[in-house]
Amino acid sequence: MEKTNVEVLFDWMDHTTQIIEQHLNEPYLDSLIIALETLFYQGAEESMDDILTHKLHTALEQIRLENYDADDIRKAIQFTVLKGMKEVTQQQHMMTPEAVALLIGYLAQKLTEKQESIRIFDPACGTGNMLTTVCSQLDKSIEAYASEVDSTLVQLALVSANLQKITIEFFHQDSLRPFLLDPVDLIVSDLPVGYYPDDIRAANYELKAEDGHSYAHHLFIEQSMNYTKEGGYLVLLLPTFIFDGEGSDKLHRYLQKYTHIVGVLQLPESAFQSEKNAKCIVILQKKGKNTEGPKQPLLVQLPSLKNTRAMEDILNKMNNWFSNYRK
């Protein structure tokens with residue numbers, strides 16, 4: 001059976017990464033960065049020794065990048081990254097499921113369909129998979145920005161965007177520190193969950209904890225609001241416990257004060273590794289002089305993302321809701 005383009009690319013990326021991993025004794029994900037940069041620049045770095053350079057040039061002869069579109073490249077990188085993440089135990093090394101990223105892209109398109117151009121920002125981009133997925137679905141002029149504190153992940157995000165020919169300006173920093181960035185039209189993000197260790201920095205936020213460490217996911221919501229224009233939208237992937245867990249009363253008050261809650265889409269638990277990892281998509285609009293919330297927020301319980309017929313039914317209902325929301 002003939003392999004798909006994604007399978008051919010994955011095999012090449014995985015094989016080349018293992019060559020680098022064994023030669024340089026580097027972790028898989030770091031070796032993947034070198035493999036992807038080799039593919040993008042169509043040659044090995046000058047600092048490589050002769051043996052590795054020869055192996056990489058031999059590998060390059062086996063692949064023709066121009067034969068693959070951005071979607072093939074993104075999916076192949078995604079599968080290779082997922083393989084690398086199985087070898088790593090860090091909690092932050094997680095990737096947004098493909099189907100969820102596509103759904104967020106659909107929502108982003110619906111929310112911005114009347115705009116000819118937008119500026120978009122992901123303050124916790126990880127490997128950039130969600131942001132590049134969303135950008136590929138938006139049929140308009142885009143200025144894209146992203147931030148990530150983890151050096152390995154931001155390097156993966158950068159070379160992935162380059163290979164997909166998507167222009168993104170990256171910030172390598174703690175995303176809860178200030179940015180040199182004007183507010184944007186749209187924020188999309190799969191926000192990190194847990195405690196934020198810098199209590200001094202957290203003290204600058206309304207959503208800081210009264211005692212002890214603050215929740216990073218609460219602070220990220222506020223930081224995302226800081227960089228959203230009045231009337232702009234936020235499409236955030238959040239843990240389902242966020243609305244009834246510790247600090248939820250304070251979060252409710254903050255959201256009622258500054259945002260219109262446009263919708264909440266509860267994702268099926270089957271989309272995640274366990275019940276405790278279950279998430280929902282929350283759509284917010286930052287309040288402005290001429291904004292008003294929907295008469296009825298979009299409230300959806302999504303079926304299994306593999307159930308095509310049920311998903312088509314839900315999407316039809318969502319399309320109808322957006323038609324009325326836009327009136």
Side-chain angles (χ1 to χ4, degrees), residues 1-24 26-45 52 55-88 90 92-106 122 125-138 142 144 146 148 150-168 170 188 190 271 273 305-306:
M1 188 172 171
E2 192 172 343
K3 289 185 176 181
T4 65
N5 281 352
V6 173
E7 288 171 328
V8 172
L9 266 176
F10 167 79
D11 287 346
W12 186 91
M13 291 175 184
D14 181 45
H15 177 67
T16 308
T17 298
Q18 290 184 56
I19 290 172
I20 296 163
E21 185 180 28
Q22 291 162 11
H23 193 90
L24 297 180
E26 290 282 352
Y28 187 94
L29 289 177
D30 293 288
S31 301
L32 175 59
I33 293 167
I34 297 170
L36 295 178
E37 287 177 340
T38 301
L39 183 60
F40 178 70
Y41 292 110
Q42 289 293 294
E45 279 185 32
L52 184 55
K55 287 181 177 179
L56 292 179
H57 284 160
T58 301
L60 282 173
E61 291 171 4
Q62 310 303 314
I63 202 88
R64 289 287 173 268
L65 190 56
E66 62 271 16
N67 293 341
Y68 304 92
D69 63 25
D71 205 40
D72 294 332
I73 293 167
R74 178 176 55 76
K75 287 178 180 177
I77 292 172
Q78 179 184 6
F79 290 134
T80 321
V81 168
L82 285 170
K83 177 181 175 179
M85 285 181 175
K86 287 179 181 176
E87 302 176 9
V88 187
Q90 285 105 311
Q92 72 269 27
H93 282 188
M94 300 286 283
M95 183 179 281
T96 309
E98 170 80 2
V100 175
L102 289 167
L103 184 57
I104 288 173
Y106 160 83
D122 183 346
C125 72
T127 62
N129 186 63
M130 178 195 282
L131 184 57
T132 55
T133 302
V134 172
C135 287
S136 68
Q137 292 181 78
L138 294 173
I142 300 169
E148 174 56 49
D150 185 293
S151 60
T152 299
L153 299 188
V154 77
Q155 287 180 80
L156 279 168
L158 174 61
V159 70
S160 174
N162 284 343
L163 283 165
Q164 295 176 66
K165 298 180 181 176
I166 297 174
T167 303
I168 300 173
F170 287 93
V188 296
D190 183 351
Q273 291 176 337
L305 301 176
K306 294 177 182 176

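Just so you know, these numbers use all the heavy atoms, side chains as well, and skip hydrogens, waters and symmetry mates. Predicted, not measured: the structure shown is a model, and the values here were computed from it.
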Under 3.5 Å donor-acceptor pairs involving side-chain atoms of residues 12-20, not counting sequence neighbours:
from: Trp12; atom 1: NE1; to: Ala59; atom 2: O; distance (Å): 2.8
from: Asp14; atom 1: OD1; to: Gln18; atom 2: NE2; distance (Å): 3.2
from: Asp14; atom 1: OD1; to: Tyr28; atom 2: OH; distance (Å): 2.6
from: Asp14; atom 1: OD1; to: Lys83; atom 2: NZ; distance (Å): 2.8
from: Asp14; atom 1: OD2; to: Gln18; atom 2: NE2; distance (Å): 3.0
from: Asp14; atom 1: OD2; to: Lys83; atom 2: NZ; distance (Å): 3.2
from: Thr16; atom 1: OG1; to: Trp12; atom 2: O; distance (Å): 2.7
from: Thr17; atom 1: OG1; to: Met13; atom 2: O; distance (Å): 2.6

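The two atoms that bring Ala157 and Gly126 nearest to each other are CB-O, 3.6 Å, heavy atoms only. Across all non-hydrogen atoms, the minimal contact from Leu56 to Ala44 is CD1-CB, 3.9 Å. Annotation for Glu21 and Ser31: closest pair CA-OG, 3.2 Å, computed over non-hydrogen atoms. Closest heavy-atom contact between Lys3 and Glu7: CA-OE1, 3.3 Å. Gly43 and Leu60 get closest at one heavy-atom pair: N-CD1, 3.4 Å.
The side chain to side chain contact (heavy atoms under 4.5 Å, CB included) with Val6 is formed by just one residue from the set Ile77, Asp72, Asp11, Asp71; it is Asp72. When each of Val188, Asp190, Thr133 is paired with Ile104, the side chain to side chain contact (heavy atoms under 4.5 Å, CB included) condition holds for Val188 and for no other.
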Item checked: CA sep, side-chain torsions, deciding dist, call: Asn5, Asn67, side chain to side chain contact (heavy atoms under 4.5 Å, CB included) -> CA-CA 9 Å; Asn5 281 352; Asn67 293 341; over 6 Å; no
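Leu163 has its side chain within reach of Leu65: a pair of non-hydrogen atoms, C-beta onward, lies under 4.5 Å apart. Side-chain contact between Leu36 and Asn162 is absent, with no heavy atoms from C-beta onward closer than 4.5 Å. Under the 4.5 Å side-chain criterion, counting only non-hydrogen atoms from C-beta, Ile34 is not in contact with His23. Considering only heavy atoms from C-beta on, Leu82 comes within 4.5 Å of Gln78 through its side chain. With a 4.5 Å cut-off on side-chain heavy atoms, Leu39 and Val159 do not count as touching.
How far CG of Asp30 is from OG1 of Thr152: 4.0 Å, rounded to the nearest 0.5 Å. Atom CD of Glu37 is separated from atom CG of Leu156 by 9.0 Å, given to the nearest 0.5 angstrom. Here Ile63 contributes atom CD1 and Tyr68 contributes atom OH; the two are 3.5 Å apart, rounded to the nearest 0.5 Å. The structure places SG of Cys135 at 4.5 Å from CD1 of Ile142, a figure rounded to the nearest 0.5 Å. For the atom pair CD (Gln155) and OG1 (Thr127), the distance works out to 13.0 Å, reported to the nearest 0.5 Å. Taking CD of Glu26 as the start and CG of Leu32 as the end, the distance is 12.5 Å to the nearest 0.5 Å.
Pairs of residues two or more places apart, or lying in two chains, that qualify as salt bridge (Lys or Arg N to Asp or Glu O under 4.0 Å) and include a residue from residues 95-106 are Arg74-Glu98.
With hydrogens and angles ignored, the 3.5 Å screen pairs a side-chain donor or acceptor of Gln137 with a backbone N or O of Leu102.
A search for salt bridge (charged side-chain N to carboxylate O under 4.0 Å, His left out) contacts involving Lys165 returns nothing, not counting sequence neighbours.
At most 12 heavy atoms of other shown residues, nucleotides or ligands fall within 6.0 angstrom of atom CD in Glu2.
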